[in-house]
Amino acid sequence: MLLLTTLFCQVVQAQHMLLLPAKNQHELTKYVDQTIGTGFHGHVFVGANVPFGAVQVGPSNLSEGWDWCSGYHISDSTIVGFQHTHLSGTGIGDLGDISLMPTTGPVIVRKGNVKNMQNSYVSLFSHRDETVRPGFYAVKLKRYNISVKLTATERVGFHEYTFPKSNEAHILIDLQEGIGWDRPVETSIKQVNATTVIGYRFSTGWAKDQRIYFAAIFSKPIKNFSVYDSLTAKTGTTLTGKKVKGVLSFVTSEGEKVLVKVGISPVSAENAMMNIQAEIPGWNFNQIVAAADQKWNNQLEKVVVKTASESQKKVFYTALFHTMIAPSIFNDHNGDYWGTDKKVHAKAAFTNLTTFSLWDTYRALNPLYTLIQPEKVSDIINTMLAIYQQQGKLPVWHLMGNETNTMVGYSAVPVVADAYLKGFKGFDANLAYEAVKASAMRNDRGLKFVKKLGFIPADSTAESVAMGLEYSIDDSGIAAMAKKMGKTEDEQYFSKRAQNYHNYFDPKTHFMRARLNENQFRTPFSPFESRHQVGDYTEGNGWQYTWLVPQDVKGLIALQGGDKPFIQKLDSLFVAQGDMGKEKSPDISGLIGQYAHGNEPSHHITYLYAYAGQPWKTAEKVRFVMQNFYTDKPDGIIGNEDVGQMSAWYVLSAIGFYQVDPTSGVYVFGSPLFNEATLKLAQGKTLHIIAKNNSAQNMYIQNASFNGKKFTHSFITYQELAQGGDLVFEMGSKPSASWGTAVGDRP
């Protein structure tokens, strides 16, 4: 009997050990500071989530406006609820689904406003009472003396509320509330049993037709459940309407913990319940916290950097963290998802995703994924191809099964093309080509003019210059795909369209300008002027958009008259001063002269010096941007974080390179920030980057070697990087006159 008991205990212990996360070699989550980007206009999410999770459970403030696109800003000290979906780094507010708020005292279901907080359920809090780390959020609600802790799995938010002694303890489920543009269309709630509530929230906003179902399981039996239509109490325990709210009431003892598991689903409440059963079957809150921490460490370990600066580690790992919030999961544990065609697609063979900020992310985030997130690439492409099959074109800016058509270009094209050209195999290549070509051959969004004229007339379409230049970038990727596939006729056609950027270049002013017809540019013209959403450029001006030819920098150099005038013009960009006008975009930030690091069209520009044989100027500019526009303070991101793109620029630049042309697979060297960086690549390979004699002063690459061989190029290809091995830089305090300067060594 003793032997059987011992064996039983050993089995139980072994099973328990299997449930506990393994110890990480590097505990990197301690360097992630989610408050970075919560000030200024960073718009980042604060709360608990796991990498790429469907759930982002966190607090939302009472205040509203542009700086509250994520629901949270460091300047605020109010909380109106803990919501299960949040955007991070967008310029438009949305989501904020399924809001829970614990309270005590008389039942109040009015959210209220800043001028009338007493007659509402909002609570003040102090940032001193917050604890925020990857996968975990905690705060104390001052008004109610309730301590809140949050954690999450992929599809479930897990809440722990510590109540005071009260005969009037409540948890409000407010289905009316959302963030930013979001407004409810139809909401529903139903008590299933003593511990379970289910429902749904259909809403409209930036994404016009959003549907989220939920199931909430409570650790304590509900004493009373009441339902409200907006502010009006209704009879019964189920209600459907536009602004439904439910209040669960309890009697609590001092320090009593009430736990809630909230599963969400784009398909059904039954699937939301299934997600809970699959991901959090028990009630061990601390175990889920530890598992979330482990998931984040596993991801952060994909890039291990060595530096004596704790501040640099915080900035770097927070940036890396921000690259893994979206695209987020948009399917259930069994694979079911809600499609763009408004149909349920059962048991998909890939992980369906949402939140594609492609105009931003095609530039750096997606090229970063091909290096350190290779397992995510096929899910991203397969999701895009499914969207193409359901809506007739690749996604533009896709959110919650909706096409928002936000921003110019068809920026899924370079993402698909880049994955195909780099050799990724986890998707149908023929369908991928069909999708990129079909997206390019439509007639909407100025494309009929591209096909007919080779440019978009300024009097036909706003932001025509930005739109046309983006299409040229996209078409370059299609041409490269066609070439690799042996589609000669298509290659010639799209190669010609990729050269359409010439049509916007004015040889008299040497700027990209809006064209009215074949013989006339729009006048008057100022390269400084920016008119938000109604001008010729998207969130920019002529100074910034003149450089938006990453697919053919050599061609742009030729337009400017060769290396010397190109360099002179590029130097001028970083010192030029002028009035952008009263209608300038708020996204234009992080200015060095007219270079605007706070917005994406500028992100490749510092690397252009290498194409003209002056890589040391790239080093200078990249180091300046990293040191001045990325800090460990709440205002430490110089502009809107843009769903990981601002952070991806930093991650790539800090390890030493950047992919200028989004589909060439060529990464241009800048100035590695760290003494060492080790990247985990596909198939168990590693890339070890060493910068010898590196310091703030020694920013210039003197020479380099790759796997023991001298490396004189100022660039490296994806195929080379994917091999893994050792990339070694010798750094110095003065520019090298020889490294990377010869014509054959330039990108």
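These numbers come from the heavy atoms of this one structure, side chains and all, not from hydrogens, waters or symmetry mates. Count residues from 1 along the sequence.
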Between Asn193 and Thr196, is there a side-chain donor-acceptor contact under 3.5 Å, judged purely by atom types and distance?
yes

In Å, rounded to the nearest 0.5 Å, how long is the span from NZ of Lys234 to OG of Ser226?
13.0 Å

Indicate the ring-plane relationship of His86 and Phe45, choosing parallel, tilted or perpendicular according to the 30° and 60° boundaries.
tilted

Test your reading of the model: is there a side-chain donor-acceptor pair from Asp428 to the backbone of Leu431, 3.5 Å cut-off?
yes

Nearest atoms (heavy-atom pairs only) where Gln176 meets Pro184:
O-CD, 3.4 Å

CG-CZ distance between Leu368 and Arg363, expressed to the nearest 0.5 angstrom:
16.0 Å

Applying side chain to side chain donor-acceptor pair (under 3.5 Å) to His84 and His159, what does each step give before you reach the verdict?
CA-CA 11 Å; His84 289 78; His159 307 235; 2.8 Å; yes

Strictly by modelled atom types, are Ser203 and Asp182 linked by a side-chain donor-acceptor pair under 3.5 Å?
yes

Side-chain (Gln210) to main-chain (Ala207) donor-acceptor, under 3.5 angstrom:
yes

Quiz question: by atom type and distance under 3.5 Å, do the side chains of His73 and Asn61 form a donor-acceptor pair?
no

Is it the case that over 12 heavy atoms from other parts of the model lie below 6.0 angstrom from the NZ atom of Lys483?
no

Quick one: closest heavy-atom pair of Val80 and Ser99, and the distance?
O-OG, 4.1 Å

Hey, does Thr355 have a side-chain heavy atom less than 4.5 Å from the side chain of Trp397?
yes

Can you confirm if the NZ or CZ of Lys208 lies within 45° of the ring axis of Trp181 and under 6.0 Å from the centre of its six-membered ring?
no

Can you establish whether the number of heavy atoms outside Lys448 located under 6.0 Å from its atom NZ is more than 12?
no

Using a 4.5 Å cut-off on heavy atoms from C-beta on, say whether the side chain of Thr187 contacts that of Thr240.
no

Shortest non-hydrogen contact from Phe356 to Pro327?
CE2-CB, 3.8 Å

For Lys451, I'd like to know if atom NZ has over 12 heavy atoms of other residues, nucleotides or ligands within 6.0 Å.
yes

Could you check whether Glu539 and Gln533, counting side-chain N and O atoms only, form a donor-acceptor pair closer than 3.5 Å?
no

Does Gln551 reach the main-chain N or O of Asp474 with its side chain, forming a donor-acceptor pair under 3.5 Å?
no

Is a donor on one side and an acceptor on the other found under 3.5 Å between the side chain of Lys302 and the backbone of Ile372?
yes

Please tell me whether Glu403 and Gln391 have a donor and an acceptor in their side chains that are separated by less than 3.5 angstrom.
yes

Could you tell me the separation between the OH atom of Tyr337 and the OG1 atom of Thr354, rounded to the nearest 0.5 Å?
12.0 Å

Other residues, nucleotides, ligands: >12 heavy atoms within 6.0 Å of Lys190 NZ:
no

Just checking, is any N or O donor in the side chain of Gln390 or Lys342 under 3.5 Å from an acceptor N or O on the other one?
no

Does either side chain, that of His333 or that of Glu279, offer a donor lying less than 3.5 Å from an acceptor on the other one?
no

Using modelled atom types only, decide if a donor and an acceptor are shared between the side chain of Thr663 and the backbone of Ser476 within a distance under 3.5 Å.
no

Quick check: does any side chain N or O of Asp174 sit under 3.5 Å from a backbone N or O of Lys245, one acting as donor and the other as acceptor?
no

Return yes if a side-chain donor-acceptor contact under 3.5 Å exists between Glu186 and Tyr200, otherwise no.
yes

Is Lys393 close enough and on-axis enough to Tyr410, meaning under 6.0 Å and within 45°, for cation-pi?
no

Look up atom OG1 in Thr85 and atom CG in Asn49, then write down how far apart they are to the nearest 0.5 Å.
12.0 Å

Using modelled atom types and a 3.5 Å cut-off, is there a donor and acceptor pairing between side-chain atoms of Ser439 and backbone atoms of Ala435?
yes

Between Tyr362 and Glu470: side-chain donor-acceptor atoms closer than 3.5 Å
yes

For Pro601 and Thr538, the nearest pair of non-hydrogen atoms, with its separation, is CG-O, 4.4 Å

Taken to the nearest 0.5 Å, the spacing of Leu447 CG from Thr461 OG1 works out to 9.5 Å

Do Asn298 and Gln294 have a side chain donor and acceptor closer than 3.5 Å?
yes

From the list Val436, Leu358, Ile473, side chain to side chain contact (heavy atoms under 4.5 Å, CB included) with Val413 holds only for Val436

Exercise: identify the closest heavy-atom pair between Thr406 and Trp206:
OG1-NE1, 2.8 Å

Tell me, with the steps shown, if Asn366 and Thr361 meet side chain to side chain donor-acceptor pair (under 3.5 Å).
CA-CA 6 Å; Asn366 292 102; Thr361 64; 3.0 Å; yes

Keeping Gln659 on the side-chain end and Pro662 on the backbone end, is there a donor-acceptor pair under 3.5 Å?
yes

Does Arg445, at its CZ atom, have more than 12 non-hydrogen atoms belonging to other residues, nucleotides or ligands within less than 6.0 Å?
yes

Without hydrogens or angle criteria, can the side chains of Glu434 and Tyr388 be said to hold a donor-acceptor pair below 3.5 Å?
yes

Side-chain (Asn402) to main-chain (Met400) donor-acceptor, under 3.5 angstrom
yes

Rounded to the nearest 0.5 Å, what's the gap from CG on Asp475 to OH on Tyr471? Could you check?
9.5 Å

Is it true that the side chains of His345 and Asp341 contain a donor and an acceptor less than 3.5 Å apart?
yes

What's the shortest heavy-atom distance between Leu150 and Ala48, and which atoms?
O-CB, 3.6 Å

Is there a donor-acceptor contact under 3.5 Å from the side chain of Gln373 to the main chain of Thr370?
no

Lys376 NZ/CZ over Phe52 ring centroid, <6.0 Å and within 45° of normal:
yes

For Asp360 and Ser357, which I'm curious about, is there any donor-acceptor pair between the side chains at under 3.5 Å?
yes

Run through Asp332, Asn331, Asn275, Asn271 and flag the one making a side chain to side chain donor-acceptor pair (under 3.5 Å) with Arg155.
Asn331

Is it the case that the side chains of Gln83 and Ser60 hold a donor-acceptor pair, with the cut-off being a distance below 3.5 Å and no angle test?
yes

